[in-house]
Amino acid sequence: MPPVIRSNQLAQVDGQEVTLQGWIYNRTHKGKLVFLLVRDGYGFVQCVAFQRDLDPELFEAIVRVPQESSVRISGVVRADKRAPGIPGGYEIGITGLEIVQSVEGEYPIALKEHGVDFLLDHRHLWIRVPSQWAILRVRATVIKAIRDWLDGNGFTLVDTPILTPAACEGTTTLFGTKYFDEGMAYLAQSGQLYNEADIFAFGKVYCFGPTFRAEKSKTRRHLTEFWMVEPEMAFCDLDQLMEMEEQFISHIVQTVLRDCRAELLSLGRDLTVLEKVVPPFPRISYDDAVKKLAEIRDRTDDPEQKALLTMEWGGDFGSPHETELTKLYDKPVFCYGYPSAVKAFYMEPWPGRPEVSKSVDLLAPEGYGEITGGSERISDPDLLLERIRQHDLPEDAFRWYIDLRRYGSVPHSGFGLGVERTVAWLCGIDHIRETIPYPRTINRVYP
RNA sequence: UCCUCGGUAGCUCAAUUGGCAGAGCGACCGGCUGUUAACCGGUUGGUUCCUGGUUCGAGUCCAGGCCGAGGAGCCA
């Protein structure tokens, strides 16, 4: 058997006889000529067989091999501009075919449009198709870029618990589970409070794992289980946080452009908009954003849009507001200085303006909305205690958290980045359920 | 929780005023030497989401329910 190669390395073995191990994605029979489109996990390759070049039994086997059958194909690699595939441009002239398993019966996913519910019921098979394969390859690259950048810039990975004693922020609805004789435990919605403890031991830390929200959100931007990376830094104020974030995000985007070019192109993504994502990012204060939104609203004729954009200083932005704001820029934009009332209890107040918090969200362009949310944290123990009381949070549960401000308190900041929203933006797809291998939504836990 | 839309063949969808339930794709058979979800001919394919009602007659109208999608709120 000729040496086994990966389909994304075909250019390096042009002219050589190789073996490709994979699955039949599509077959086009033209009579005396057959095209097989083969997946091998690394890409999609066209393999071609001419009847006159092969013995009749082999040719007949190639003609008959059903979709999704597992195969070992040997043949000679050649460049051909007509060859489809990911990345494409090379094809294999078949000299041999070994069928590992021949599929019997109908394969559920046809090469045509399907409904969302049907596809999600068959998610275990859906991930084989080019679009889903490409998206999940981008996801893996995003995660690797995140870890590489943080590991290379002085951050220590410190894992935070998934089973937690209570609501971290006391806001969203959590999934609960009975925890032996200790009452209820809750699936983590954030590792942030633990991160804040960890920076006093390690300086700069991050946690990276699944988080859970039991909110009954039914939109293209929500999952009940999603992945979030949360960096946290000691001796870091809000401005330094934004500087770090733009370096970090730019690294992720440029890494994906470099390592997942074929995947992005196969998804039809416009790469020029991603190439622009380099520091610095534009920054707009909440105050100015509210003014801009009022101007946009005044210019709008659509009464429905007018109603959606209505807001006064003090409210939080909804999805329509974020979309309009991001349309003003061709890069991600920082929006900072939200009213304290709409943000979590632990955020540092703006100097001289206690009604404003040192908070910052990063909004992705093209209407993708909030991909990070962060802030400078309160460093004064008395102020923190005051806020905990104002928010009616159980003081006892936060005793350890207040301790952090009593023993060597420093200005510190951090944020959370939603992996799925980032992948959706980079891939240019409109629903985040496609950016996670097995999405969990309010009415789906299968497969 | 609220608003809007939807549920018909394995899949994607049609079905006029309430009047014989259809097409494409898939599968199967045949044809084709450059296909890109190939194309062409043939064969196969039905609990019209459920329950009740109106009617000579219901996929279609009415009531209730179930399931799904999009959006709002909340958030990443």
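Every chain is numbered from 1, with letters handed out A, B, ... down the list of sequences.
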Open item on the list: Please classify the nucleic acid contact of A:Gly318 as base, sugar-phosphate, or nothing, using heavy-atom distances under 4.0 Å.
Closed with: sugar-phosphate
Open item on the list: Counting only side-chain nitrogens and oxygens, does A:Asn443 get under 4.0 Å of the OP1 or OP2 atom of B:rG68?
Closed with: yes
Task: B:rG70 phosphate, OP1 or OP2, under 4.0 Å from A:His431 side-chain N/O - done: yes
Open item on the list: Which nucleotide wins on minimum distance to the side chain of A:Arg78, given the candidates B:rC32, B:rA76, B:rG34?
Closed with: B:rG34
Task: Nearest-angstrom distance, C1' atom, B:rC3 to B:rG18 - done: 31 Å
Open item on the list: Per the side-chain hydrogen bond (donor to acceptor under 3.5 Å, both in side chains) rule, what does the pair list look like for residues 368-378 of chain A, sequence neighbours excluded?
Closed with: A:Glu232-A:Arg377, A:Glu245-A:Thr372, A:Lys358-A:Glu376, A:Ser375-A:Arg377
Task: Rounded distance in Å - CZ (A:Arg221) to C1' (B:rA72) - done: 9 Å
Task: Base-pairing assignment for B:rU48 (Watson-Crick or G-U wobble, both under 3.5 Å) - done: none
Task: Sugar-phosphate, base or nothing in reach of A:Arg433, heavy atoms under 4.0 Å - done: sugar-phosphate
Task: Set of side chain to side chain contact (heavy atoms under 4.5 Å, CB included) partners for A:Lys204, sequence neighbours left out - done: A:Phe155, A:Met233
Task: Distance test, side-chain N/O of A:Arg82 to OP1/OP2 of B:rU33, below 4.0 Å - done: no
- [ ] Could you pull out all residues at least two apart from A:Leu58 that satisfy side chain to side chain contact (heavy atoms under 4.5 Å, CB included)?
- [x] A:Leu54, A:Asp55, A:Ile62, A:Leu97
Open item on the list: So is the aromatic ring of A:Phe35 stacked onto the base of B:rG34, judging by whether the centres are under 5.5 Å apart and the planes are under 30° apart?
Closed with: no
TODO: Please examine the side chains of A:Gln132 and A:Arg123, heavy atoms only from C-beta on, and report whether any two atoms are closer than 4.5 Å.
DONE: yes
Can you check nucleotides 1-8 of chain B for protein contacts, nitrogen or oxygen pairs under 3.5 Å, and list what you find?
from, atom 1, to, atom 2, distance (Å)
B:rU1, O4, A:Lys216, O, 3.1

TODO: Using atom CG of A:Leu111 as one end and atom P of B:rC39 as the other, report the distance to the nearest whole Å.
DONE: 11 Å
Every protein N/O lying under 3.5 Å from an N/O of nucleotides 9-11 of chain B:
from, atom 1, to, atom 2, distance (Å)
B:rC11, O2', A:His114, ND1, 2.6
B:rC11, O2, A:Lys112, NZ, 2.6

Could you list the donor-acceptor pairs under 3.5 angstrom formed between side-chain atoms of residues 108-118 of chain A and any protein atom two or more places apart in sequence or on another chain?
from, atom 1, to, atom 2, distance (Å)
A:His114, NE2, A:Ala110, N, 3.0
A:His114, NE2, A:Ala110, O, 3.2
A:Asp117, OD1, A:Arg444, NH2, 2.8

- [ ] Starting from P on B:rC67, measure out to CG on A:Asp121 and report it in whole angstrom.
- [x] 14 Å
Open item on the list: Does anything in residues 48-77 of chain A come within less than 4.0 Å of RNA chain B? Heavy atoms only, and list the residues if so.
Closed with: A:Phe50, A:Arg52, A:Arg64
Task: Non-neighbouring partners of A:Trp23 that pass side chain to side chain contact (heavy atoms under 4.5 Å, CB included), sequence neighbours left out - done: A:Arg39, A:Glu68, A:Ser70
Task: Separation of atom NZ in A:Lys32 from atom P in B:rC39, rounded to whole Å - done: 21 Å
Open item on the list: Please give the distance between the C1' atoms of B:rA14 and B:rU54 as a whole number of Å.
Closed with: 27 Å
Acceptor/donor pairs from residues 425-433 of chain A side chains to any protein atom, 3.5 angstrom cut, sequence neighbours excluded:
from, atom 1, to, atom 2, distance (Å)
A:His431, ND1, A:Arg433, N, 3.1
A:His431, NE2, A:Arg433, NH1, 3.3

Open item on the list: Expressed as a whole number of angstroms, how long is the span from A:Arg440:CZ to B:rC75:C1'?
Closed with: 20 Å
TODO: Under 4.0 Å between any heavy atoms, over every strand shown, what does A:Thr372 touch: base, sugar-phosphate, or nothing? Just pick one.
DONE: sugar-phosphate
TODO: Using a 4.0 Å heavy-atom cut-off across all strands, classify A:Leu417 as base, sugar-phosphate, or nothing.
DONE: nothing
Pairs under 3.5 angstrom only: tabulate donor-acceptor contacts from the side chains of residues 312-320 of chain A to other protein residues two or more places apart or in another chain.
from, atom 1, to, atom 2, distance (Å)
A:Trp313, NE1, A:Asp287, OD1, 2.6
A:Ser319, OG, A:Arg221, NH1, 3.4

Open item on the list: According to side chain to side chain contact (heavy atoms under 4.5 Å, CB included), who are the partners of A:Thr224, at least two apart in sequence or on a separate chain?
Closed with: A:Phe175, A:Arg440, A:Ile442
Open item on the list: Assuming nearest nucleotide by heavy-atom distance, tell me which of A:Lys30 and A:Phe317 is located more 5' along RNA chain B.
Closed with: A:Lys30
Task: Nucleotide of B:rU33, B:rA72, B:rC75 approaching A:Ser319 most closely (side-chain heavy atoms) - done: B:rA72
Open item on the list: Just the rounded figure in Å: distance from P of B:rU33 to NE2 of A:His29.
Closed with: 9 Å
- [ ] Return each pair, listed once, that meets ring pair (Phe, Tyr, Trp, His ring centres under 6.0 Å) where at least one residue sits in residues 24-70 of chain A; pairs must be two or more places apart or across chains.
- [x] A:Tyr25-A:Phe44, A:Phe44-A:Trp133
Open item on the list: Quick check on RNA chain B: between A:Pro320 and A:Met228, whose nearest nucleotide comes earlier from the 5' end?
Closed with: A:Pro320
Open item on the list: If you define the side chain from C-beta out and look only at heavy atoms, does anything of A:Pro279 sit under 4.5 Å from A:Gln247?
Closed with: yes
Task: Whole-Å distance separating the OH atom of A:Tyr107 from the C1' atom of B:rG26 - done: 13 Å
